[in-house]
Amino acid sequence: MHRFAKPSVFLRLASAVMPWAVGITVLTLAVGLYLALVASPADYQQGDTVRIMYIHVPAAWMGLFCYVGMAICGAMSLIWKHPLADIAARATAPIGATFTALCLITGSLWGEPMWGTWWVWDARLTSMLILLFLYLGYMALVNAFDDPERGSKAGSALALVGVINVPIVKFSVDWWNTLHQPASVARMGGPSIDPSMLWPLFLIAIGFTGYYVIVLILRIRLELNERRIRALQLSGIGEDAPGSVQPVYNPEQAGAGE
Amino acid sequence: MKILIAILARDLRLALRQGADSIMVVAFFIVTTTLFPFGVGPEANILARIASGVIWVSALLAAMLSLERVFQTDFEDGTLELLSLSPVPLELVVLGKVLAHWLTTGLPLIIAAPLMAVMLNMNSAGFGTLMLAMLVGTPALSLIGAIGAALILGARRGGVLVSLLVLPLYIPVLIFGAGAVEAALLGLPAGEHIQIMGAILLLTLALAPLAAARALRLAVE
């Protein structure tokens with residue numbers, strides 16, 4: 001695992017993974033969306049509204065998955081000081097926040113016709129909303145320091161504290177008597193959903209995971225390039241080599257270079 | 001233990017000499033609570049219905065507002081650095097400071113709470129439970145808050161940031177705190193809620209000093 005902490009090794013691995021991730025994402029999302037929106041039967045109670053679920057449920061899974069991933073990366077960066085784990089945790093936060101927001105929005109769109117209300121203060125919904133707040137707090141904290149290193153460390157500590165919310169989200173439907181229906185896929189005794197509805201659900205979940213991998217790799221690459229540029233600019237300030245491109249004057253960096 | 005008492009005594013002395021801090025917290029609590037009758041209208045039965053929630057939310061906000069001074073001044077004048085270099089475990093320092101924070105904010109809030117309950121027309125059956133629930137709940141607030149206060153040291157706009165970090169983590173205390181009072185008002189036993197709050201308190205007592213000390217080490221590094 002520590003081998004991949006080296007950016008060059010990671011970048012090589014990422015270029016190898018990238019085409020596969022793009023292919024799998026496009027394929028599973030295309031097939032999954034076709035099955036979900038066209039081929040799968042309408043629910044006998046919910047009618048066509050049930051199709052919202054094919055986005056809602058995978059988005060909820062991804063929201064939780066990204067948070068756990070972020071916390072693991074945070075722990076790795078605190079314990080082993082992997083620079084890449086830091087960057088991965090930072091890069092995961094906005095993706096996870098988007099999936100969580102997507103889950104909440106699709107959920108309320110489904111809730112309006114089904115429950116007759118956009119929002120209820122039910123344990124599952126509320127704990128999911130707190131998950132979104134934790135993401136936002138993490139992103140605000142990470143960017144609040146002049147020293148990015150300090151920001152990621154503080155963020156990692158917060159991400160680890162916030163992990164306590166993940167089991168609460170998962171088990172909220174069992175612990176409290178809620179309006180939100182209990183788990184029907186990952187439960188003892190097998191899923192209680194018909195295969196014709198289970199397949200599109202899984203395909204879209206795989207597609208979302210692939211999408212996460214793609215965006216994660218892109219964001220990590222971007223961050224690594226940004227750091228490289230910053231290092232070059234900093235080392236370029238001291239020298240006055242003829243013909244070299246002078247960096248644009250930036251008071252923040254001029255201060256750091258002194 | 002001696003060190004704990006020394007830190008506690010120092011922080012209490014500072015809080016008393018700087019004077020207005022804990023009075024300000026109570027004043028904030030009272031003013032915030034007073035806003036609700038203007039907002040939702042003065043009907044007695046509506047106020048009685050929402051009283052426990054309003055008091056808890058105001059107490060949460062008051063406890064949060066005073067978090068900044070737990071570590072901030074010590075961080076600025078270098079005391080924190082000396083404490084972290086000393087052989088004293090930083091977890092103990094955190095515990096002492098949290099205790100001082102609770103004594104200067106949590107305790108005054110508990111005393112002020114029944115007064116606001118009367119003004120909000122709450123049934124007197126809930127007073128005892130309200131104070132008991134706050135007695136168990138507010139130390140947990142101080143402990144959780146210490147993590148946030150330690151994390152934001154050296155950050156830009158720390159005051160706004162701490163609200164975003166700490167308030168989501170306060171929600172369990174709010175749920176069970178308000179739930180206990182609701183149960184008491186309905187004549188049901190409130191013991192379960194108080195017990196869960198006790199569990200939260202024990203959990204935070206065990207974990208929050210570790211997390212906050214970790215964050216302090218990051219800050220003074």
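By convention in this document, chain letters (A, B, ...) are assigned in the order of the sequence lines, proteins followed by strands, and residues within each chain are numbered from 1.
With a threshold of 4.5 angstrom between heavy atoms, L218(B) approaches chain A through its backbone and through its side chain. Proximity to chain B is absent for every atom of N165(A), based on heavy atoms less than 4.5 angstrom apart.
The stretch residues 211-220 of chain A participates, sequence neighbours left out, in these side chain to side chain donor-acceptor pair (under 3.5 Å) pairs: T92(A)-Y212(A).
Interatomic distance, L60(B) CG to F29(B) CZ, rounded to the nearest 0.5 Å: 10.5 Å. We find the CD-CZ distance between Q233(A) and R230(A) to be 9.0 Å, quoted to the nearest 0.5 Å.
Within the 4.5 Å cutoff, the side chain of L201(B) has no heavy atoms near those of the M197(B) side chain. A 4.5 Å side-chain heavy-atom check between W118(A) and L109(A) finds at least one atom pair inside the cut-off. Annotation: side chain of T117(A) is not in contact with side chain of E112(A) (no heavy-atom distance under 4.5 Å).
By the 6.0 Å contact criterion, OH on Y54(A) is enclosed, its count of non-hydrogen atoms from other residues, nucleotides or ligands being greater than 12. More than 12 non-hydrogen atoms from other residues, nucleotides or ligands lie less than 6.0 angstrom from CD of E43(B).
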Q: Tell me, with the steps shown, if R69(B) and T105(B) meet side chain to side chain donor-acceptor pair (under 3.5 Å).
A: CA-CA 11 Å; R69(B) 69 157 200 267; T105(B) 60; 5.8 Å; no
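Heavy-atom pairs under 4.5 Å with chain A were tallied for L161(B), V166(B), L169(B), V160(B); the largest tally goes to L161(B).
Classification of the F176(B)-H193(B) ring pair by plane angle, with boundaries at 30° and 60°, yields tilted.
Residue-level contacts of residues 130-151 of chain B with chain A, in order of numbering, are I147(B), A150(B), L151(B); threshold 4.5 Å between heavy atoms. Interface residues of residues 156-164 of chain A toward chain B, defined by a heavy-atom distance below 4.5 Å and sorted by number: A157(A), L158(A), V161(A), I164(A). Heavy-atom proximity under 4.5 angstrom to chain A picks out L203(B), A211(B), R214(B) from residues 202-216 of chain B.
When atom types are taken as modelled, the side chain of H82(A) and the backbone of S77(A) share no donor-acceptor pair closer than 3.5 angstrom. Listed for the R49(B) side chain is no donor-acceptor partner under 3.5 Å among the backbone atoms of A44(B). Of the possible donor and acceptor atoms, none in the side chain of Y135(A) sits under 3.5 Å from a partner among the backbone N and O of I95(A).
Among I50(B), L174(B), T32(B), T33(B), the single residue meeting the side chain to side chain contact (heavy atoms under 4.5 Å, CB included) criterion with V57(B) is L174(B).
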